Amino acid sequence: MASIPAHPTSPAEDLSRPPHERYQAASHFKDREHEFDSVKMGVWLFLATEILLFSGMFCAYFIFRLLHPEAFIAGSHLLEVKWGLINTIVLLLSSYTVASGVRHAQTGNLKWLKINIALTFLAGAAFLGIKFYFEYWHKIQVGELPGKFFFYPYARSEYEPLWWGVYWVATGIHASHVIVGMGLFAWLFLRARRGEFGPGHYNAVEGVGLYWHIVDIVWIFLFPLLYLIH
Amino acid sequence: MSHATEFDEYGHKDHGHVIVSLFTLRFVLVALLFFTLATSGAAWVEELIASTFHVEIPQWVNAAVALSIAVVKTALVVMFFMQLKYDNPMNTIIFLFTILTVFTFLGLTGLDLGNRATIDRIKNQYAHDGGDLSAGGPVFSSDVVPGESIVERAKRIAKANGTYDPSHEHHHEEGVDITDAGYLPEKPRTGSSSNISRPIDRPTMGGLAPAHGGAPKGEPARGH
């Protein structure tokens, strides 16, 4: 007489195992591996559209810089390199915490996965805090605003309102991506607390991580273009 | 780096993904921070040299240094943090194709920008310094001087309010005079019409502006 197997045939049915081990791929995928690769390629296609979105802003920068270099020189001298530099470092550190979070998910170190997700969230908050409090707030008060909202009386060039247009749109859309990213990390944290991620299943950690790296890369270009090239 | 390719007790093959070692991740982080300080340091040194020796460093040097470092940093993030080095090559192809598209985009824009004036020379007559206030209308006040630029208007209002402090004219600018950097105000317009406001001969949307709009102030675009 055949003995009853010690384990159920499917890991999904064994409730003693944590959720990430019980996870099963959606029915239209061959297995979890297949699903993971498809999810990742989907995220990369989305990131391609993100790169194209930001390339519009880089293109605007390119056009207006060539047409009015004096306005861009005067304008970039009004930014404080200090805050741009600190924010660059904050975002690079957060990219590291994301990458190591993915690693901890792969190795099953769920405590450090949660810590890394939380640290990334805090880095996003620090970035926005610096951006809004030390930069945007000051610029709103002194009138360094785009186009017809401009009322800064010490402009050195007739075209400074144009420079501020490029600055506000580029950094503003970047900052909105940081806000979205923070929401995604809050969501990841809640799911990680429920034990949904582990070596067998970490699609969302990987996908959100890739998104966050692209946000970091956009800032890697915005920082020299806006703050450093005088 | 190790491949997690073991089968679990149910016979499922686990994700065969490369797990990047912590050493690699930390090394990449340190390299990224180093390049960040290097790019800020290079900009600072360039400015120091320019202002100490009163030499004119061409702007392309500044831009080339900063952007080369940004490209190196991006390569590090994409290869190691985003794991394209170890990943399905299809994702790398998607990424590279996107970059190619962006360069096509920027390249065609550059061609257009460089050649527009040769095709549409007459448009250069209508350039209006600092945009045309009467076309869009100011937001904070109703006093509009026809033909006055946004920048001139900001200065006039600050002077009228008594808040204008001439000592702030070099605000934030620690010793750097933009006219020393090779961008003299006499420099002629580069031939393009991309931000040219055409004179408006009908009432504007806001009703704030006189109907004749900002007709060209003088004959040449910038009045120099």
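In what follows, chains are A, B, ... by sequence order, proteins preceding strands, each numbered from 1. Model, not experiment: these values are computed from the prediction.
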Completion exercise
Of the listed Leu85(A), Asp31(A), Leu225(A), Val43(A), the one with the largest count of heavy-atom pairs under 4.5 Å with chain B is Leu85(A)
Fill in the blank from the handout: Ranking Val102(B), Thr101(B), Asn91(B), Thr39(B) by heavy-atom pairs under 4.5 Å to chain A gives rank one to Asn91(B)
Problem - Check: Thr74(B) and Phe221(A) side chains under 4.5 Å, non-hydrogen atoms - result: yes
Exercise for the section: Rounded to the nearest 0.5 Å, what's the gap from OG on Ser95(A) to CZ on Phe81(B)? Could you check? Expected result: 6.0 Å
Handout entry: Phe62(A) side chain reached by Leu106(B) side chain, heavy atoms, under 4.5 Å
Key = yes
Problem - Under 3.5 Å: donor-acceptor pair, side chain of Tyr96(A), backbone of Val30(B) - result: no
Exercise for the section: Taking the side chain as every heavy atom from C-beta outward, state whether Leu84(B) and Trp44(A) have any atom pair closer than 4.5 Å. Expected result: yes
Practice task
Name the region of Val102(A), side chain, backbone, both or neither, that has any atom closer than 4.5 Å to a heavy atom of chain B.
Solution key: side chain
Exercise for the section: Taking atom CZ of Phe97(B) as the centre, report whether more than 12 heavy atoms of other residues, nucleotides or ligands fall under 6.0 Å from it. Expected result: no
Problem - Leu76(B) portion near chain A, given a 4.5 angstrom heavy-atom threshold - result: neither
Fill in the blank from the handout: Turns out that what part of Leu33(B) lies under 4.5 Å from chain A's heavy atoms comes down to both
Handout entry: Under 4.5 Å from any heavy atom of chain B - which part of Asp216(A)
Key = side chain
Handout entry: Reported OH-to-NZ distance for the pair Tyr152(A) and Lys155(B), which is rounded to 0.5 angstrom
Key = 10.5 Å
Fill in the blank from the handout: Sequence neighbours excluded, the answer for side chain to side chain contact (heavy atoms under 4.5 Å, CB included) partners of Leu110(A) is His20(A), Leu113(A)
Problem - Results of side chain to side chain contact (heavy atoms under 4.5 Å, CB included) for Thr163(B) - residues two or more places apart only - result: Ala158(B), Asn161(B)
Fill in the blank from the handout: Correct closest heavy-atom pair for His213(A) and Val77(B) would be CB-CG1, 4.0 Å
Exercise for the section: State the CG-CG distance between Leu29(B) and Leu92(A), to the nearest 0.5 angstrom. Expected result: 7.0 Å
Fill in the blank from the handout: dist Thr109(B):OG1 -> Phe58(A):CZ (nearest 0.5 Å) comes out at 14.0 Å
Fill in the blank from the handout: On a heavy-atom basis, the closest approach of Tyr164(B) and Pro153(A) is CE1-O, 3.4 Å
Practice task
Kindly determine whether Asp165(B) and Tyr154(A) satisfy side-chain contact (heavy atoms from CB on, under 4.5 Å), including the steps that lead there.
Solution key: CA-CA 9 Å; Asp165(B) 179 356; Tyr154(A) 309 112; 3.8 Å; yes
Handout entry: Toward chain B, the part of Leu93(A) with a non-hydrogen atom under 4.5 Å
Key = both
Practice task
Considering only heavy atoms and a distance below 4.5 Å, find which of Ser100(A), Cys59(A), Ala155(A) pairs most often with chain B.
Solution key: Cys59(A)
Completion exercise
Counting heavy-atom pairs under 4.5 angstrom with chain A, the leader among Asp87(B), Leu67(B), Val28(B), Val65(B) is Asp87(B)
Problem - From CA spacing to verdict: side-chain contact (heavy atoms from CB on, under 4.5 Å), His77(A), Glu47(B) - result: CA-CA 11 Å; His77(A) 275 99; Glu47(B) 204 146 293; 3.7 Å; yes
Problem - Side-chain heavy-atom pair Tyr159(A), Val151(B) within 4.5 angstrom cut-off - result: no
Practice task
Measure the shortest side-chain to side-chain distance between Asn88(B) and Lys40(A) over non-hydrogen atoms and say whether it is less than 4.5 angstrom.
Solution key: no
Problem - Partner chain B: residue of Leu45(A), Asp37(A), Leu228(A), Leu52(A) with the largest heavy-atom pair count (under 4.5 Å) - result: Leu228(A)
Handout entry: Beyond-backbone contact of Ile214(A) with Met82(B), side-chain heavy atoms, under 4.5 angstrom
Key = yes
Fill in the blank from the handout: Rounded to the nearest 0.5 angstrom, the CD1-CD1 distance for Ile51(A) and Ile94(B) is 10.5 Å
Fill in the blank from the handout: When the 4.5 angstrom heavy-atom criterion is applied to Thr88(A) and chain B, the contacting part is side chain
Handout entry: Region of Tyr227(A) that comes under 4.5 Å of a non-hydrogen atom in chain B
Key = neither
Handout entry: Interatomic distance, Leu22(B) atom CG to Arg103(A) atom CZ [nearest 0.5 angstrom]
Key = 4.0 Å
